[in-house]
Chemist: 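Pasting a structure below so you can have a look.
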Amino acid sequence: MAKQLPEILNIKTAAKTRIFEVQTVDLRFSNGEERTYERLTPQRRSSVLVIPIQNNELIFVKEYAVGPERYELTFPKGIVDAGEEPIESANRELQEEIGFGANKIEFLRSLYSGPSHMYGLMHVFVAQDLYPSKLEGDEPEPLEVVRFPLEKIDELLADSTFAEARNLSALFMLREYLKSK
């Protein structure tokens, strides 16, 4: 039997910046308990993460992440633009971030990152049969492209400096995908 969703009693904007809006959401649960949650305003726009493979190598970008205040090794990713299908966004992000398009893009699955505090739906793809193609991106500085041997996925999964949850999830999905091929 499905649990009854909490009743939303009130939603207010607590803070707003150029990029983010924080809401407080007053809820009443089915047992009568009331709580106030905070969340980033749900924009309901999904994003994509693309795992590019070329010559038995994974292609990453090294990009500054303001949260941990360091450069992170990450797969190409970005927001699905209005009017785009996720697979189109995946191919666009590849061209903007690593300078390649893909003739073969396969959907792995969708996942939520941080569902307790935001919408965060991300579609994960594997891209192969790459060809040179560069589109202008919106990054503030050129991204460093980093290649990593595909056969060393387990080493990367064990590396404590490779700790971004979406990228780790994508690598685990890729490992299972490769086993099925």
Side-chain angles (χ1 to χ4, degrees), residues 1-51 60-94 96-97 105-127 136-141 143 156-177:
M1 184 170 167
K3 289 189 80 153
Q4 180 180 339
L5 292 173
E7 176 186 359
I8 297 175
L9 303 173
N10 191 29
I11 299 174
K12 292 186 294 195
T13 298
K16 188 171 184 153
T17 71
R18 180 178 59 82
I19 298 174
F20 299 107
E21 181 177 316
V22 178
Q23 293 178 335
T24 58
V25 182
D26 297 326
L27 299 170
R28 179 179 298 125
F29 290 82
S30 61
N31 63 358
E33 286 289 320
E34 292 185 9
R35 295 283 190 282
T36 299
Y37 281 59
E38 292 179 352
R39 69 177 180 192
L40 294 175
T41 300
Q43 60 174 318
R44 301 292 183 210
R45 287 178 57 196
S46 61
S47 61
V48 295
L49 180 145
V50 191
I51 306 168
F60 293 93
V61 293
K62 196 168 256 191
E63 184 173 34
Y64 184 72
V66 71
E69 299 177 357
R70 67 182 194 182
Y71 282 89
E72 292 281 338
L73 196 59
T74 184
F75 289 113
K77 61 187 177 318
I79 298 291
V80 175
D81 287 344
E84 270 186 330
E85 291 297 320
I87 196 166
E88 295 168 317
S89 297
N91 208 24
R92 177 180 47 76
E93 289 294 338
L94 285 172
E96 290 176 359
E97 295 191 8
I105 300 178
E106 291 182 77
F107 173 74
L108 290 182
R109 70 169 291 165
S110 297
L111 54 91
Y112 286 97
S113 62
S116 295
H117 301 288
M118 63 184 181
Y119 176 68
L121 179 62
M122 178 171 270
H123 309 286
V124 180
F125 295 90
V126 174
E136 189 69 30
D138 60 359
E139 284 71 29
E141 65 182 353
L143 298 175
L156 194 54
L157 287 169
D159 184 343
S160 64
T161 66
F162 185 75
E164 204 272 347
R166 297 171 299 177
N167 290 297
L168 283 168
S169 296
L171 268 187
F172 278 111
M173 286 186 267
L174 176 65
R175 191 169 66 176
E176 293 306 307
Y177 166 83

Chemist: Work out which heavy atom in V124 is nearest to a heavy atom in M173; give both atom names and the distance.
Modeler: CG2-CE, 3.7 Å
Chemist: Evaluate whether atom CZ of R175 has more than 12 neighbouring non-hydrogen atoms of other residues, nucleotides or ligands under 6.0 angstrom away.
Modeler: yes
Chemist: Test side chain to side chain contact (heavy atoms under 4.5 Å, CB included) on L168 and L157; report intermediate values, then the result.
Modeler: CA-CA 7 Å; L168 283 168; L157 287 169; 3.9 Å; yes
Chemist: Not counting sequence neighbours, which residues clear side chain to side chain contact (heavy atoms under 4.5 Å, CB included) with T74? List them please.
Modeler: V61, E63, K77, N167
Chemist: At their closest point, which heavy atom of V48 faces which heavy atom of P86, and how far apart are they?
Modeler: CG1-O, 3.4 Å
Chemist: Which heavy atom of A65 sits nearest a heavy atom of E72, and at what distance?
Modeler: CB-CG, 3.7 Å
Chemist: State which residues pass ring pair (Phe, Tyr, Trp, His ring centres under 6.0 Å) with Y71; sequence neighbours excluded, sorted by chain then number.
Modeler: Y64
Chemist: If you apply the rule side chain to side chain contact (heavy atoms under 4.5 Å, CB included), what do you find for F125 with L49, and how did you get there?
Modeler: CA-CA 6 Å; F125 295 90; L49 180 145; over 6 Å; no
Chemist: Tell me, please, which residues at least two apart from T161 pass side chain to side chain donor-acceptor pair (under 3.5 Å).
Modeler: D159
Chemist: Given the side-chain rings of F60 and F162, with only the six-membered ring counted for Trp, is the space between their centroids under 6.0 Å?
Modeler: yes
Chemist: So, T24 versus E38: side-chain donor-acceptor pair below 3.5 Å or not?
Modeler: no
Chemist: If you look at every heavy atom in V50 and L94, which pair is closest and at what distance?
Modeler: CG1-CD2, 3.7 Å
Chemist: Determine the interplanar angle of the F29 and Y37 rings, folded into 0 to 90°, and report it as parallel if under 30°, tilted if 30 to 60°, perpendicular if over 60°.
Modeler: tilted
Chemist: Side chain to side chain contact (heavy atoms under 4.5 Å, CB included), that's the test. Do L9 and L27 meet it? Break it down for me.
Modeler: CA-CA 6 Å; L9 303 173; L27 299 170; over 6 Å; no
Chemist: Working to the nearest 0.5 Å, report the span between CD of E96 and CG of N91.
Modeler: 10.5 Å
Chemist: Nearest 0.5 angstrom please: Y177 OH to L171 CG, how far?
Modeler: 14.5 Å
Chemist: Within the supplied structure, the quantity of interest is the number of heavy atoms (other residues, nucleotides, ligands) at a distance under 6.0 Å from E21 CD; does it exceed 12?
Modeler: yes
Chemist: Applying side chain to side chain donor-acceptor pair (under 3.5 Å), name anything that partners T17, two or more places apart in sequence or on another chain.
Modeler: none
Chemist: Do D81 and R92 meet the salt-bridge criterion of a basic N to acidic O distance under 4.0 Å?
Modeler: yes
Chemist: Consider side-chain hydrogen bond (donor to acceptor under 3.5 Å, both in side chains). Of S47, S46, S89, which one does H123 pass it with?
Modeler: S46
Chemist: Is the shortest heavy-atom distance from the side chain of L174 to the side chain of V126 under 4.5 Å?
Modeler: yes
Chemist: Answer yes or no: is there a donor N or O on one side and an acceptor on the other, between the side chain of E88 and the main chain of E85, under 3.5 Å?
Modeler: yes
Chemist: Going from CG on L111 to CG on L121, what distance comes out if it is rounded to the nearest 0.5 angstrom?
Modeler: 7.5 Å
Chemist: Which pairs pass salt bridge (Lys or Arg N to Asp or Glu O under 4.0 Å) with one or both residues in residues 4-14, sequence neighbours excluded?
Modeler: E7-R28
Chemist: Not counting sequence neighbours, which residues clear salt bridge (charged side-chain N to carboxylate O under 4.0 Å, His left out) with K62? List them please.
Modeler: none
Chemist: For V25 and T36, run side chain to side chain contact (heavy atoms under 4.5 Å, CB included): C-alpha distance rounded to whole Å, both residues' side-chain angles, the deciding distance at 0.1 Å, then the answer.
Modeler: CA-CA 5 Å; V25 182; T36 299; over 6 Å; no
